[in-house]
Protein chains: 2
Amino acid sequence: MSLVRSRPPIARADIVIRRLKAIAHLGDDAEALFASLSDVHSLPAGAELVTERDTMERPRYLLSGWAAKVRWLPDGRRQIFNFMVPGEGLGVCMRPNPLALSTVVALTPLQYVDAGPVQRALLSDDDRWNDLREAIHVASSLGEAYLLSQIMRLGRQTAYERLCHLLLEIRDRLLLVGMASETHFAMPMTQETLADATGLSIVHVNRILQQLRRERLLELQAGKAHLRDPAALAAIADYKAPQPSEAAHRFRH
Amino acid sequence: MSLVRSRPPIARADIVIRRLKAIAHLGDDAEALFASLSDVHSLPAGAELVTERDTMERPRYLLSGWAAKVRWLPDGRRQIFNFMVPGEGLGVCMRPNPLALSTVVALTPLQYVDAGPVQRALLSDDDRWNDLREAIHVASSLGEAYLLSQIMRLGRQTAYERLCHLLLEIRDRLLLVGMASETHFAMPMTQETLADATGLSIVHVNRILQQLRRERLLELQAGKAHLRDPAALAAIADYKAPQPSEAAHRFRH
DNA sequence: CGCCACATTGATCCTCTTCAAAGCGTGTGG
DNA sequence: CCACACGCTTTGAAGAGGATCAATGTGGCG
């Protein structure tokens with residue numbers, strides 16, 4: 001597991017602040033806390049950030065690149081539970097998972113920052129961090145919503161619907177951190193990755209993507225996604241965006 | 001939504017205590033707190049305990065009967081995210097979900113108890129409830145593990161494997177509260193319910209159950225399940241029980 | 001140039017769905 | 001006590017969605 005500590009941290013936790021501000025209210029103290037995070041690490045594609053059943057190490061925030069929470073069956077079948085996009089946290093929670101429930105794999109080269117200070121703030125009884133706790137709660141709730149969407153896709157949607165739904169979810173997650181527009185975003189995933197996320201075969205993913213292309217609903221090439229008709233895609237997939245901000249308003253008030 | 005308050009509460013929260021003690025260490029204070037819960041309600045089969053996107057009301061513990069967290073697609077397709085068996089909690093968490101992420105439906109007539117006092121203890125800053133917080137954390141972590149198992153089943157397992165896996169998981173969850181032996185437990189579910197949980201059609205569930213019966217791996221009739229060869233089932237499904245207790249030991253120490 | 005990872009295509013197979021009907025058990029009303 | 005209805009299970013036949021196998025195409029890169 002080759003950890004490389006970048007001396008002058010190019011990537012900063014700004015993206016994390018952006019995300020948390022998008023889903024909750026974050027005070028100046030909390031913002032300063034994130035801005036002070038500087039223990040940045042890099043990993044190559046394919047590296048494991050976390051190994052299933054290991055004790056969860058230090059909490060982290062992804063600054064750049066993509067990761068996926070995965071599990072394998074003994075015969076090699078792989079399922080992706082969830083993606084991690086920049087700005088999202090890993091093991092940062094009021095409930096520090098003692099044992100990792102899944103392996104986390106880098107899908108691309110990535111950078112993350114150690115969130116030890118955030119974790120300490122969370123677990124302290126200092127009221128100054130109440131808004132931070134709220135934001136983390138909302139983030140955690142969002143994470144659960146993503147898992148439920150995944151179950152819905154896998155259990156009751158067709159291949160066609162699954163892909164539309166997943167792409168819309170990814171767009172919205174990138175939208176939260178300012179890395180997407182309504183119609184365009186970077187998606188550096190192979191079709192194999194998409195297949196492991198949607199529970200399909202590579203070949204079938206390829207064919208469905210071609211269909212979506214033919215129907216002028218989607219372009220997907222060179223790591224760039226272009227949703228040519230987001231409304232149509234949402235109708236196909238019965239896609240509804242989670243409402244984190246509304247949740248934030250009601251919490252603790 | 002006909003709520004019936006039973007005057008002399010026949011069902012007590014003993015089963016909740018039993019479950020939490022099985023997955024964590026629970027002090028006398030916490031045990032007394034649960035024992036004092038007395039606001040018991042009953043619901044008929046088919047009633048909704050929680051409606052998706054409603055604000056989450058009072059936290060509860062299921063005392064008897066079965067429930068399921070579900071979501072529907074517009075055309076009527078239904079997916080069950082997770083079951084709830086007696087002893088399990090709903091909305092009891094350091095993170096009180098502001099908006100319910102799924103509808104919760106009573107699969108059988110059931111009883112639950114209002115857990116307002118538990119929630120207040122959790123959110124207080126009284127150190128006396130630290131072990132309670134730990135137990136709730138472990139329970140919440142277990143809940144997430146069940147969601148991940150569900151994703152694995154739906155995404156990458158065959159119908160045959162899914163049913164074996166799900167039945168073993170249910171057995172273990174009932175085992176936690178003393179409502180199952182290694183091989184026998186009550187399972188008052190229709191095949192339709194099983195289908196909605198496994199993402200299969202009713203007809204196919206029926207055929208797979210028959211196959212398991214023919215192979216002398218399983219009996220399932222009159223609401224009773226009999227796993228005739230749990231080891232073989234586990235091998236088929238690559239089933240591994242979650243380890244909540246080990247987790248509990250490491251937490252906060 | 002040649003290698004490698006990834007995308008694409010065609011053909012065939014099979015798991016699972018759908019549709020339709022018939023059995024079965026239980027509770028209810030006449 | 002029987003008739004009937006209703007919910008659930010079971011069975012058969014046909015069809016579709018997706019998997020698998022195998023090969024070819026394509027682009028980046030040492």
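Scope of the values below: all heavy atoms of this structure, side chains included, with no hydrogens, waters or symmetry mates. Below, chains carry the letters A, B, ... as their sequence lines are ordered, and counting in each starts from 1. Only a predicted model underlies this, so the values are computations on that prediction, with no experimental measurement involved.
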Using a heavy-atom cut-off of under 4.0 Å over every strand shown, decide if Gly199(B) touches base, sugar-phosphate, or nothing. sugar-phosphate
Atom CD of Gln157(A) to atom P of dG18(D): distance rounded to whole Å? 11 Å
Face-on cation placement of Arg173(B) at Tyr146(B) ring, 6.0 Å and 45° thresholds: yes
Would you kindly give the CD1-to-C1' distance between Ile202(A) and dT9(C), to the nearest whole Å? 14 Å
Check whether any side-chain heavy atom of Gln79(A) lies under 4.5 Å from a side-chain heavy atom of Ile151(B), and answer yes or no. yes
Consider the side chain of Asn206(A), meaning its heavy atoms from C-beta on, and name the nucleotide among dT9(C), dT9(D), dG18(D) that approaches it most closely. dT9(C)
Whole Å only: how far is the CG atom of Leu200(B) from the P atom of dG18(D)? 14 Å
Which nucleotide wins on minimum distance to the side chain of Val203(B), given the candidates dG12(D), dC16(C), dG18(D)? dG12(D)
Integer-rounded Å distance: dT15(C) C1' and Glu161(B) CD: 12 Å
Could you please name the option among dT17(C), dC8(D), dT8(C) that lies closest to any side-chain atom of Gln191(A)? dT8(C)
Donor-acceptor pair under 3.5 Å, Arg207(B) side chain vs dG12(D) base: yes
Distance check needed: dA16(D) P versus Gln211(A) CD, whole Å only. 15 Å
The side chain of Arg213(B) is closest to which nucleotide in this list: dT17(C), dT10(D), dT8(C)? dT10(D)
Interatomic distance where CD belongs to Gln210(B) and P belongs to dC24(C) [whole Å]: 13 Å
Can you tell which of dT20(D), dA7(C), dC16(C) lies closest to the side chain of Thr190(A)? dA7(C)
Does one side chain, of Arg153(A) or Gln150(A), offer a donor that lies under 3.5 Å from an acceptor on the other? yes
In terms of the nearest nucleotide of DNA chain C, which residue is placed more toward the 5' end: Met189(A) or Arg156(A)? Met189(A)
What integer distance in Å separates His204(B):NE2 from dG15(D):C1'? 15 Å
Checking Leu90(B) against Lys69(B) for the side-chain contact (heavy atoms from CB on, under 4.5 Å) test, could you report, in this order, the C-alpha distance in whole Å, the side-chain angles of both residues, the deciding distance, and whether it holds? CA-CA 10 Å; Leu90(B) 184 59; Lys69(B) 303 187 182 183; 4.0 Å; yes
Roughly, in whole Å, what's the span from CD in Glu192(B) to P in dC6(D)? 17 Å
Distance-only polar pair, side chains of Glu48(B) and Thr51(B), donor-acceptor under 3.5 Å: yes
